[in-house]
Amino acid sequence: MRLALRRMFLLVALPGVTFAQADGASLASRRAQVVAAAPQGPVFQSSGQDYRVVLGVRAGEARPEASGAPHLVAAETSGPDVLEVKGRYVIYRERNASPSAAGARSFAVAVNTRSGALGVITGTVVGKVASVAEAERAARAAGATLEFFAESTGYAFFQVPAGGDPFAVAAALRARPGLAGVQVEVRERNNQPR
């Protein structure tokens with residue numbers, strides 16, 4: 001029964017787009033072709049992995065409609081070329097450089113240079129800092145907001161404003177004394193409870 005389920009097709013309905021995701025081979029091949037053909041952005045490290053920004057590929061937030069199917073919020077209504085649905089994000093190839101519909105936020109996408117898996121650059125920068133007061137000062141100085149501070153571990157989560165550059169915020173945070181392990185967050189896997 002489990003093998004039969006793996007061979008089933010998953011249909012995801014989006015406005016103006018029907019996206020059929022087979023059990024892997026054709027989708028992975030198409031995704032790899034799009035990534036290979038896209039202009040290459042900078043390479044960076046996050047969580048011990050090397051990533052390369054994929055220019056011309058974006059992610060938008062998806063929200064379930066009444067039918068339960070994801071609805072693309074951030075992409076143009078002309079029907080983007082959807083590459084993958086990853087948790088609450090829909091990863092798509094941009095057709096043009098126009099801003100997202102209705103001012104919805106879109107996110108940069110990176111590819112894991114080892115595995116080829118796509119990940120969403122969420123606009124969160126993580127770093128280790130001694131105190132919440134220092135984290136708040138660092139956030140203000142870097143042009144970000146302090147989203148969360150875990151006192152038990154000393155990790156601070158900084159949110160980059162919409163349209164901001166997470167790499168510039170990370171560089172500003174790295175330049176501050178007292179911050180360590182600063183990295184741009186990439187959501188590559190979406191572990192969900194069963």
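Scope of the values below: all heavy atoms of this structure, side chains included, with no hydrogens, waters or symmetry mates.
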Side chains of residues 32-46: which donor-acceptor partners sit under 3.5 Å, not counting sequence neighbours?
residue	atom	partner	partner atom	Å
Gln45	NE2	Asp50	OD1	3.1
Ser46	OG	Val184	O	2.7

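- Taking both residues in full, the closest heavy atoms of Ala170 and Val182 are given as O-CG1, 3.7 Å, listed atom of the first, atom of the second, then distance.
- Other members of the cluster containing Val126 are Phe148, Tyr155, Phe157, with ILVMFWY side chains joined at under 4.5 Å, either directly or via other members.
- Salt bridge Asp81/Arg30: present, at least one basic N to carboxylate O contact under 4.0 Å.
- With Thr124 as the partner, the side chain to side chain donor-acceptor pair (under 3.5 Å) test is satisfied by one option alone out of Gln183, Arg187, Gln159: Gln159.
- The minimum heavy-atom distance between Phe149 and Ala135, with the atom names listed, is CD1-CB, 4.2 Å.
- Applying the salt bridge (Lys or Arg N to Asp or Glu O under 4.0 Å) test to pairs two or more places apart or on separate chains, those with a residue in residues 130-145 are Glu134-Arg137, Glu134-Arg176.
- Under the side chain to side chain contact (heavy atoms under 4.5 Å, CB included) criterion, Ala172 pairs with Ala142, sequence neighbours left out.
- When all heavy atoms are compared, the tightest approach of Gly127 to Phe158 is N-CE1, 4.4 Å.
- Hydrophobic cluster membership differs between Val111 and Val186, with clusters built from Ile, Leu, Val, Met, Phe, Trp and Tyr side chains linked at under 4.5 angstrom.
- Leu146 approaches Ala156 most closely through the heavy-atom pair CD1-CB, 3.8 Å.
- Taken together through direct or relayed side-chain contacts under 4.5 Å among Ile, Leu, Val, Met, Phe, Trp and Tyr, Val54 and Val120 form part of one hydrophobic cluster.
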| side-chain contact (heavy atoms from CB on, under 4.5 Å) between Tyr89 and Val109, worked out | CA-CA 11 Å; Tyr89 301 101; Val109 172; over 6 Å; no
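- Side chains of Arg58 and Tyr92: no donor on one and acceptor on the other come within 3.5 Å.
- Closest heavy-atom contact between Ala110 and Ile121: CB-CD1, 4.0 Å.
- Between atom CD1 of residue Ile91 and atom CG of residue Leu118 there is a gap of 5.0 Å, rounded to the nearest 0.5 Å.
- Each of Val53 and Leu83 belongs to its own hydrophobic cluster when Ile, Leu, Val, Met, Phe, Trp and Tyr are linked at side-chain heavy-atom distances under 4.5 angstrom.
- Ser115 meets the side chain to side chain contact (heavy atoms under 4.5 Å, CB included) test with Asn112, Ala117, Glu188; sequence neighbours excluded.
- Cluster membership check: Val90 does not share its hydrophobic cluster with Leu55, using side-chain heavy-atom separations under 4.5 Å among Ile, Leu, Val, Met, Phe, Trp and Tyr.
- Evaluation of the salt bridge (Lys or Arg N to Asp or Glu O under 4.0 Å) test over residues 147-174, restricted to residues two or more places apart or in two chains, returns none.
- With values rounded to the nearest 0.5 angstrom, Phe107 atom CZ is found 7.0 Å from Thr122 atom OG1.
- Looking only at distances, a side-chain donor or acceptor of Lys128 sits under 3.5 Å from a matching main-chain atom of Thr153.
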